[in-house]
Each structure stands twice: as structure tokens, then as C-alpha cells.
Colleague: 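One structure, as C-alpha cells, below. Some questions next.
The shown structure was predicted, so the numbers you read here are calculated from the model rather than taken from an experiment. Protein chains get the first letters and strands the later ones, always in sequence-line order, with residue 1 at the start of each.
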Number of protein chains: 2
Amino acid sequence: MIDGMTSAPTWTIAEVADEFGVTHRTVRHYEDLGLISPERRGTQRVYHRRDRTRLGLILRGKRLGFPLEEIRTIIDLFDAPRGRRTQLEYVLDQIDERRADLDQRLRDIQDAIAELGEFERRCREDLDKLA
Amino acid sequence: MIDGMTSAPTWTIAEVADEFGVTHRTVRHYEDLGLISPERRGTQRVYHRRDRTRLGLILRGKRLGFPLEEIRTIIDLFDAPRGRRTQLEYVLDQIDERRADLDQRLRDIQDAIAELGEFERRCREDLDKLA
DNA sequence: CTTGACGTTGACGTAAACGTAAAGCATGAT
DNA sequence: ATCATGCTTTACGTTTACGTCAACGTCAAG
């Protein structure tokens with residue numbers, strides 16, 4: 001932070017990178033790909049709360065294994081203009097696609113967790129037999 | 001398939017690739033990394049049910065965004081010898097680590113789905129206001 | 001026996017997601 | 001004034017996960 005609470009808080013690239021546990025190079029890479037677009041004060045980048053929100057979404061997307069390009073289309077969706085009916089219907093369509101994808105992943109994860117639990121049970125059985 | 005049901009069924013590389021919707025190059029790549037090791041009949045690869053099980057696990061791991069190297073350590077875990085107590089305890093440890101990872105992903109996905117639902121609700125509101 | 005259809009091993013190419021110097025501004029501290 | 005810090009761009013390097021030839025083996029069909 002920088003401001004002393006007189007107006008909206010802002011951050012430097014080092015601060016956001018630190019806070020999110022990534023390098024400044026990573027943050028700039030996301031900017032190169034158009035995932036974030038911080039304000040410029042002269043030559044320096046100035047990050048606002050909006051940028052941090054986006055960064056959070058990006059990193060969660062990454063934890064879920066989405067490619068950055070796809071992540072961009074998703075978070076752009078959230079900021080898309082939703083004035084006209086056609087726009088809204090398009091957005092709702094996209095939402096459905098995304099959800100289908102997420103549902104598949106949810107099933108995959110639940111299956112994996114279940115299998116892991118089953119495997120653990122067998123291991124504990126084996127361990128008991130050794131006792 | 002090849003056998004005519006007199007013994008255990010086997011498959012060629014083209015068959016498994018086709019069935020799992022990947023290329024033969026992909027299948028061989030997984031073999032190069034030691035994720036599967038099909039039998040050799042002369043120079044040809046012969047895939048058994050075991051290999052297909054592994055391939056299934058690999059592809060699910062991929063859908064979940066795990067790197068192939070990590071996937072290998074995981075599925076190797078399932079086939080690891082569990083004779084000695086130390087081995088079993090090591091395996092149980094690994095299981096815990098894996099589960100922590102999967103739990104994080106589960107939360108991420110649930111959050112993402114929830115946010116998507118909330119976003120859809122807002123979009124539908126906007127759409128109603130236009131009616 | 002030659003032609004395909006499928007299989008094999010290299011080996012190089014490529015896209016994504018950064019890492020890693022190199023070299024130049026900008027600004028406050030000494 | 002200069003010196004150290006931190007930020008900037010430019011650009012080439014690296015890893016992962018395959019794609020894409022090239023060049024050759026093999027085996028049943030015509």
C-alpha cells in the first residue's frame with residue numbers, strides 16, 4: 001500500500017507479486033496476455049483492487065489447470081458489457097459451457113478422492129494384518 | 001481386440017489410442033515417461049487391461065491439470081509393493097499429501113461453480129429487466 | 001513379389017508459461 | 001552529485017507435452 005487511506009489503495013508490482021506468491025515476471029506475463037491491465041503512472045505500473053481480484057481469479061484458474069488464454073475469456077466474461085439482450089444471451093450461453101466443464105472436473109475430483117479413500121482403507125487393512 | 005475370447009483380451013496401440021481419444025504419439029509419450037509399459041510381442045506393443053486402467057487414470061489426472069511426472073508418482077503409488085510396515089506408512093503419508101491437494105482443488109471448483117451460479121443469477125435479472 | 005496398412009524408432013518442431021540475464025530510467029538517501 | 005533500489009523493456013533460454021516428418025520393419029492381400 002502507498003496512500004495513507006486518504007483515497008483508494010494501490011499497490012506496486014512487487015507488492016502484488018509478493019502477496020500472491022508469484023514473481024513480478026509472472027504478473028507482467030499475465031499483462032502481456034491481456035489478463036490484467038494496471039494503470040500507468042508515468043512508466044510505473046499501479047495496481048488497484050480490481051487487478052488483485054483478477055489476479056486471484058487467474059491463480060485459481062491455474063490451480064484448476066485452465067490455460068491462461070481460456071482464463072482470460074472467462075474473467076473477461078465477468079467484465080463484459082451486458083446491455084443488449086443478444087449480449088446477455090451470449091454470456092448465459094458461455095456460462096453454460098463453463099459450467100459443463102467445471103462439472104466434469106468436479107466429478108473427476110470426487111472420483112479421485114473416493115478412489116484414494118478406498119486405497120487408504122486397503123492400506124490400513126494391510127497394516128492391521130501386520131500388527 | 002484380437003483374441004477371440006480364449007484368453008485375456010489385448011489391444012494394439014491404434015485401438016487404445018482411438019478408444020481413449022488420443023493419438024498413438026501421445027500413448028508412446030506416456031510410455032517414454034514411464035507411465036505405462038505395455039508388453040512387447042517382438043517389436044510390437046501389446047496393451048492389456050492393466051494398461052488401459054492406467055491410461056484412464058492418466059487422462060483423468062490430465063483433466064485435473066496434474067503434470068505427467070506427478071501423475072506417474074501417483075499411479076505408481078497404487079502399484080507400489082506394500083509388504084513392509086515402513087512401506088505402508090510411507091504410502092499412507094503420500095495418500096495424505098495427495099488428498100490435501102485434491103481437497104484444495106475441490107474447494108476451488110466448488111467456489112468457481114458457486115460464483116458462476118451467482119453471476120448467472122445477475123445476468124438473468126438483467127435479462128428480466130429488459131423484458 | 002510388390003503393394004498397402006499398420007507398426008517401429010529417432011529427431012526436430014512448437015506452443016504455453018514462465019525464468020533469467022542485460023541494460024536502461026527514476027527517485028529518494030547520503 | 002552519485003549511489004543504491006526498484007521498476008522498466010528487450011530478448012533469449014527452459015520445461016512440458018506432445019506434433020510432425022523421415023526412414024525403416026512386417027505381414028496379409030492381390
Colleague: Could you state the CG-P distance from A/Leu64 to C/dA17, rounded to the nearest angstrom?
Modeller: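 Going from A/Leu64 (CG) to C/dA17 (P), I get 14 Å.
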Colleague: Over how many whole Å does the gap from A/Asp18 atom CG to D/dG6 atom C1' extend?
Modeller: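 That distance rounds to 13 Å.
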Colleague: Let's see if you can work this out: which of D/dC7, D/dC18, C/dG7 has an atom nearest to the side-chain heavy atoms of A/Ala14?
Modeller: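 Of the options given, the side chain of A/Ala14 lies nearest D/dC7.
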Colleague: Nearest-Å distance, CD (A/Glu70) to P (C/dA16)?
Modeller: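 In whole Å, C/dA16 P lies 13 Å from A/Glu70 CD.
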Colleague: Among the candidates D/dC18, D/dG19, C/dG7, find the nucleotide nearest to the side-chain atoms of B/Thr23.
Modeller: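 Out of D/dC18, D/dG19, C/dG7, the nucleotide with an atom closest to B/Thr23's side chain is D/dG19.
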Colleague: Let me know the distance between CZ of B/Arg41 and P of C/dT8, rounded to the nearest Å.
Modeller: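 The distance from CZ of B/Arg41 to P of C/dT8 comes to 13 Å, rounded to the nearest Å.
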Colleague: Restricting to side-chain contact (heavy atoms from CB on, under 4.5 Å), what partner residues turn up for A/Ser37, sequence neighbours left out?
Modeller: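 For A/Ser37 there are no side-chain contact (heavy atoms from CB on, under 4.5 Å) partners, ignoring immediate neighbours.
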Colleague: Between C/dA17 and A/Arg72, is there an OP1 or OP2 to side-chain N/O distance shorter than 4.0 Å?
Modeller: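 Checking C/dA17 against A/Arg72, no side-chain N or O comes under 4.0 Å of OP1 or OP2.
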Colleague: DNA chain D: B/His24 or B/His29, which has the more 5' nearest nucleotide?
Modeller: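 That would be B/His29.
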Colleague: Keeping the roles fixed (side chain from A/Arg52, backbone from A/Tyr47), state whether a donor-acceptor pair exists under 3.5 Å.
Modeller: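 Not at all, since once roles are kept as given, no pair shorter than 3.5 Å links the two residues.
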Colleague: On the six-membered ring of B/Phe66, is B/Arg105 placed so that its NZ or CZ lies under 6.0 angstrom from the centre and within 45° of the ring axis?
Modeller: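 Satisfied, under 6.0 Å and within 45°.
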Colleague: Using a strict cut-off of less than 4.0 Å between a Lys/Arg side-chain nitrogen and an Asp/Glu carboxylate oxygen, indicate whether A/Glu31 and A/Arg28 qualify as a salt bridge.
Modeller: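 A salt bridge is absent here (no side-chain N lies under 4.0 Å from a carboxylate O).
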Colleague: Would you tell me if any nitrogen or oxygen in the side chain of A/Tyr30 comes within less than 4.0 Å of OP1 or OP2 on C/dC18?
Modeller: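 Yes.
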Colleague: Ignoring the backbone of B/Arg28, work out which of D/dA17, C/dT9, D/dT8 is nearest its side chain.
Modeller: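 Of the candidates, C/dT9 comes closest.
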Colleague: Please determine, for the side chain of B/Leu68, which listed nucleotide (D/dT9, D/dC7, D/dC18) has the closest atom?
Modeller: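 Among D/dT9, D/dC7, D/dC18, the one nearest the side chain of B/Leu68 is D/dC18.
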Colleague: Expressed as a whole number of angstroms, how long is the span from B/Ile13:CD1 to C/dA5:P?
Modeller: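 Going from CD1 in B/Ile13 over to P in C/dA5 covers 19 Å.
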Colleague: Taking atom P of D/dT16 as reference, at what distance in whole Å does atom CD1 of B/Ile58 sit?
Modeller: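 Taking atom P of D/dT16 as the reference, CD1 of B/Ile58 is at 16 Å.
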Colleague: Check this for me: B/Arg49, atom CZ, are more than 12 non-hydrogen atoms of other residues, nucleotides or ligands nearer than 6.0 Å?
Modeller: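 No, because the 6.0 Å sphere around CZ of B/Arg49 holds 12 heavy atoms or fewer from other groups.
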Colleague: Rounded to whole angstrom units, what separation is found between the CD atom of A/Glu31 and the P atom of C/dA17?
Modeller: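 After rounding, the reported distance stands at 17 Å.
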Colleague: Let me know the distance between CG of A/Asp32 and P of C/dC18, rounded to the nearest Å.
Modeller: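 That distance rounds to 12 Å.
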Colleague: Which nucleotide, C/dT20, C/dA17, D/dT9, lies nearest any side-chain atom of A/Arg25?
Modeller: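 Selected nucleotide: C/dT20.
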Colleague: Let's test your reading of the model: under 3.5 Å, does the base of D/dT8 pair with the side chain of A/Arg45 as donor and acceptor?
Modeller: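 Under the 3.5 Å cut-off, the side chain and the base do not form any donor-acceptor pair.
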Colleague: Between A/Thr26 and A/Thr43, which has a closest nucleotide on DNA chain C that is more 5'?
Modeller: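 In this pair, the answer is A/Thr26.
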